[in-house]
Amino acid sequence: MDKLILIDGNNIIYRAFFAMPPLTNTAGQQTNAVYGFTTMLLRLIEEHKPTHMIVAFDAGKVTFRHEGYQEYKGGREKTPPELSEQFPMLKELLQALGVPQFEIASYEADDIIGTISRQADEAGRQVMIVSGDKDMLQLASEHTTVALIRKGVSEIELYGPQQIREKYDLTPLQIIDLKGLMGDASDNIPGVPGVGEKTALKLLQQFGSVEGVLAGTDELKGKMKEKLETHAEDARMSKRLATIYREVPLEHSWEDMTFSAIRAETAGPALAKLEFRSLLERLSLSAYTQSPEAEAAQVEAAELDIMLVDEAGLKQLLADLPEIAAMHLETNGDNPHRSEVIGLGLSSPERHYFVPFALLLQPAAEKLRKWLGDEKAPKSGYDLHRADLALHWQGIAFAGAAHDVQLAAYLLDPTEANQNLNDLTTKYALPRLSPDEDIFGKGAKYRIPELEVLGTHVARKSATVLGIAARQQQELVETDMTGLFKDLEMPLSRILADMEKQGIAANKDDLQELGKEFEAQIHKLVTEIYQICGVEFNLNSPKQLGEILFDKLGLPVVKKTKTGYSTDAEVLEKLAPYHAAVRHILNYRTIAKLQSTYVEGLLKEISPQTGKVHTFYRQTIAATGRLSSQFPNLQNIPIRLEEGRKIRKIFVPSEPGWSILAADYSQIELRVLAHIADDEGLKEAFLNDMDIHTKTAMDVFGVTAEQVDGNMRRSAKAVNFGIVYGISDYGLSQNLNIPRKEAARFIEQYFDVFQGVRKYMDDIVTEAKSNGYVTTLLERRRYLPEINAKNFNLRSFAERTAMNTPIQGTAADIIKLAMVQMDKALYERGLKSRMLLQVHDELVFEVPEDELELMKSLVPQVMEGALKLSVPLKAEVSFGSNWYEAK
DNA sequence: CACATCACG
DNA sequence: ACGTACGTGATGTGC
């Protein structure tokens, strides 16, 4: 006789986590919940001998239950990281044990279980449902038993309809009514206040159901009657929330749930890896008990066909080259302009190769190098942009990037990005890789291991890339991001690599000269500060500075940090009138920052080989879709203050007679907002090319253009910023240094005028709450798991992010489009001008004399035409003999 | 390695 | 009542 066991995975792992002592393995990972789960699972298998079994998991944090009631499951403590880490371990182990797992987007485990048990019921099969959640009792029936897990996970109580009647005098379905009346604090289901289990049972004996109770309130009296009447809707909603949905669209067959027996060859290594020795013994699998070193070897020894290529083996590799679809270039260090290349892993579906870098440089490997640089030879890889740069500096050209799994993973979830390859193996249930730290060591202990270990490791990486790429392509289709990936981000990654290789020329002598000027100013300021304060101390230490200002000099404490006094610029600005030293300290901070970060920092980054600065753009960091820039960051070169702005003078064209040309989008984020929000007033302002802050001031303050004074425009500008950031009265009040009430009034006035914007802000938050994510115009996606949080701070943050991300992200989409189109335009026209830098809303080029006139019109034309919106985009262009002059 | 600070959009 | 503006990276201090 068939017997199906349905396990509520989330519920059991939670119970196990809180019930078990904090076991850890030798790697320091906590494994207690997995252990508790597994002991219970083995006991079920031994005692009940199922022929079919599944573990159901919740998928996605937002379920259909949130649609009518956003507070559902609100107020829950966030899952502790020690527990969330154990989910992937459990899933991996279940797979090794041969236990099928089901999860279905936006349904909870109980709905999956409810649906399968209904189907099994209808087919007359024996079912046992395993959970710690009493709600499951509603599923009990003639053929279906509910096994309630008690006392942690150590006891099992079996309930059929008979047992439920004995214990509660209710039918299984009345369990739903019970919860509808009582509520459930852990799911944040309200129920009726003042009605607990006792009262609820009494009411149900009398009336049978929630509906019965509510219809019969006339027969009750006093407080009870009143409560039931005022909270009738709560009771009905609570009942709905407590009802397990039994119509989940399941595409699984009875065969998909088959559980035969635990297979030693997969279960053994999996349990050994978790170091569950007692369970290995219990299953007579002790042979698999291994030392961590042996385990590492085990991972290496998986059945891949890996060839460690030497000169003699090259022939075979070259013959196989047309089949090679994935690669992984192993390099060291974070900065790809300075990395050494260690070797190359290559994978075809059949076979995997490792080519040591020394061999790649040999004359015999010329065909392989050709292949690397062949844009018609498509390659998948992880962070191919980095590989391109590392190879470039070794004199090897790279082209033909077809699918970058790092980039795809970023689009699929930009906040979970920098998912290294090993994190992705977990997501896609592929064999795990040894961590790089285990292979190479960390920090000072870094060394390249022997060929066998190295080659196997790197080849396994390319094999992993191959396994992931196909799955991601499917996911990109499902999330409507294929176009974004193939037509924008992949082409952009090549363009970025070109810009980085090109670099921007920097005048070292001028920078050193500027450093001397700063040095003199710093010396003077330090001397004066020490004299005024009457003591010498480390001015760079906020701690020491705080002690001087607040303890010794007795200045008022304006703000504290979590470690002590705050001494940031905002605080010092307030203190300046009280003490002569403070203004000097502010000046010192400004100059010291310029000196350490921009003079000394940039000097270190000027390449001795090229005399240029080669930044590295990261395409997979910012959650909104923006780029970021590293080694050095060329997106935060000073501009706001004149002293700092001078730094820009050292960025010059790399060829004599050329110019630096810079073009920036004017108000791109507010234009994007005008389009997305479809706000009439905002659109009209941009269609007429008005000064947007003045226009905002006119409308908010109800005055004419002539009546707008500096202060009004400043306030309006701050409001506009606030709008883009996801406004709050508190934030605006801080920024403008005004009372919160006044800030709230500004915002209210703004929304009265710009009603489209108000509607957008409301709608986008609602959309985020129901979808769990927001998107940009090009379908770039950002998940906001905290949008339904009960915690005010978390939720508010997510709400502001929901408002800001489509705006900032669409602006990022637009300039990326412009970059791709600009690259194409330069190529097609055969221009010598080069795109060098991107600074979020600005593109910087170097341009030969004879192309200057053309570029002055071409660049803004391409930028303005990058994407058609309902308002015009505007780009302003300027040029000069260096970046400072291009203003 | 976390924190405070400050540079940019 | 709650208590923060959105997105980054580099530097220096101090545990």
Asks: Flag the pair A:D551 and A:K543 as a salt bridge only when some basic side-chain nitrogen lies within less than 4.0 angstrom of an acidic carboxylate oxygen.
Replies: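 So A:D551 does not pair with A:K543 through a salt bridge.
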
Asks: Report yes if at least one side-chain N or O of A:T567 is closer than 4.0 Å to OP1 or OP2 of B:dT5; otherwise report no.
Replies: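 It does, given that an N or O in the side chain of A:T567 lies less than 4.0 Å from OP1 or OP2 of B:dT5.
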
Asks: Which of the following nucleotides, C:dT8, B:dA7, B:dG9, is nearest to the side chain of A:N636?
Replies: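 Ranking C:dT8, B:dA7, B:dG9 by closest atom to the A:N636 side chain puts B:dA7 first.
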
Asks: What does A:A592 touch in the nucleic acid at a heavy-atom separation under 4.0 angstrom: a base, only the sugar-phosphate, or nothing?
Replies: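 A:A592: no heavy atom of the nucleic acid under 4.0 Å.
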
Asks: Please tell me which of the listed nucleotides, C:dT8, B:dG9, C:dT4, lies nearest to the side chain of A:Y725?
Replies: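 Shortest atom-to-atom distance from the side chain points to B:dG9.
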
Asks: At less than 3.5 Å, do the side-chain atoms of A:R740 and the base atoms of C:dG3 form a donor-acceptor pair?
Replies: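 Indeed, a donor on one side and an acceptor on the other fall under 3.5 Å apart.
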
Asks: May I ask you to say what A:S629 touches in the nucleic acid, namely base, sugar-phosphate or nothing, with a heavy-atom cut-off under 4.0 Å?
Replies: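 It contacts sugar-phosphate atoms only.
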
Asks: Indicate yes or no: does A:E669 engage A:R626 in a salt bridge with an N to O separation below 4.0 Å.
Replies: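 A salt bridge is present here (some side-chain N lies under 4.0 Å from a carboxylate O).
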
Asks: Between the base of B:dG9 and the side chain of A:R640, is there a donor and acceptor pair under 3.5 angstrom?
Replies: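 Result: at least one qualifying N/O pair found.
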
Asks: Between A:E519 and A:K524, does at least one N-O distance fall below 4.0 Å, as a salt bridge requires?
Replies: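 Answer for the salt bridge query: no.
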
Asks: Before accepting this row, confirm whether a basic side-chain N of the pair A:E876/A:K887 lies closer than 4.0 Å to the acidic partner's carboxylate O.
Replies: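 Salt bridge absent between A:E876 and A:K887.
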
Asks: Looking only at side-chain atoms of A:N804, point me to the closest of C:dC6, B:dC8, C:dG14.
Replies: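 It is C:dC6.
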
Asks: Expressed in angstrom and rounded to an integer, what is the separation of A:I585 atom CD1 from B:dC6 atom P?
Replies: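 Taking CD1 of A:I585 and P of B:dC6, I get 12 Å after rounding.
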
Asks: Ring centres of A:Y884 and A:F651 under 6.0 Å apart?
Replies: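 A:Y884 vs A:F651: aromatic centres not under 6.0 Å.
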
Asks: Can you figure out which of C:dT11, C:dG7, B:dC6 approaches the side chain of A:T801 most closely?
Replies: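 Nearest nucleotide to the side chain: C:dG7.
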
Asks: Base, sugar-phosphate, or nothing for A:L627, non-hydrogen atoms under 4.0 angstrom?
Replies: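 Answer is nothing: A:L627 stays at 4.0 Å or more from every strand.
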
Asks: State whether A:S728 places a side-chain N or O below 4.0 Å from either non-bridging phosphate oxygen (OP1 or OP2) of C:dA5.
Replies: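 Looking at the OP1 and OP2 atoms of C:dA5, neither is under 4.0 Å from any side-chain N or O of A:S728.
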
Asks: Across the strands shown, which category fits A:D664 at heavy-atom distances under 4.0 angstrom: base, sugar-phosphate, nothing?
Replies: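 Contact class for A:D664: none.
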
Asks: Nearest to the side chain of A:N540, which nucleotide is it out of C:dC6, C:dT13, C:dG9?
Replies: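 The answer is C:dT13.
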
Asks: Does the C:dT8 base have a donor-acceptor partner in the side chain of A:R618 within less than 3.5 Å?
Replies: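 No.
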
Asks: Nearest to the side chain of A:S541 - C:dT4, C:dG14, C:dT8?
Replies: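 So the side chain of A:S541 is nearest to C:dG14.
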
Asks: Give the rounded distance in Å between these two atoms: CG of A:L603 and P of C:dT11.
Replies: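 Value for this atom pair: 12 Å.
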
Asks: Indicate, with a heavy-atom threshold strictly under 4.0 Å, whether A:A569 touches base, sugar-phosphate, or nothing.
Replies: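 Answer is sugar-phosphate: A:A569 comes under 4.0 Å of backbone atoms only.
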
Asks: Any N or O donor-acceptor pair linking the side chain of A:S796 to the base of C:dT4 at under 3.5 Å?
Replies: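 Check fails, no donor-acceptor contact within cut-off.
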
Asks: Give the rounded distance in Å between these two atoms: CD of A:E799 and P of C:dA5.
Replies: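 Distance, rounded to whole Å: 16 Å.
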
Asks: Using a cut-off of 4.0 Å on non-hydrogen atoms, how would the nucleic acid contact of A:A718 be classed: base, sugar-phosphate, or nothing?
Replies: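 Base contact - A:A718 has a heavy atom under 4.0 Å of at least one base atom.
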
Asks: Assign A:D841 to base, sugar-phosphate, or nothing according to its heavy-atom contacts below 4.0 angstrom with the strands shown.
Replies: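 Since only primed, P, OP1 and OP2 atoms lie under 4.0 Å of A:D841, the category is sugar-phosphate.
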
Asks: Would you state whether a donor and an acceptor, one from the side chain of A:Q808 and one from the base of C:dC6, lie under 3.5 Å apart?
Replies: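 Such a pair exists between side chain and base.
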
Asks: Just to confirm, is there a sub-4.0 Å distance from OP1 or OP2 of B:dT5 to any side-chain nitrogen or oxygen of A:S566?
Replies: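 For A:S566, the contact criterion (side-chain N or O under 4.0 Å from OP1 or OP2 of B:dT5) is met.
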
Asks: Could you tell me whether A:E842 contacts a base, only the sugar-phosphate backbone, or nothing, with contacts defined as non-hydrogen atoms closer than 4.0 Å?
Replies: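 The residue A:E842 makes no contact with any strand.
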
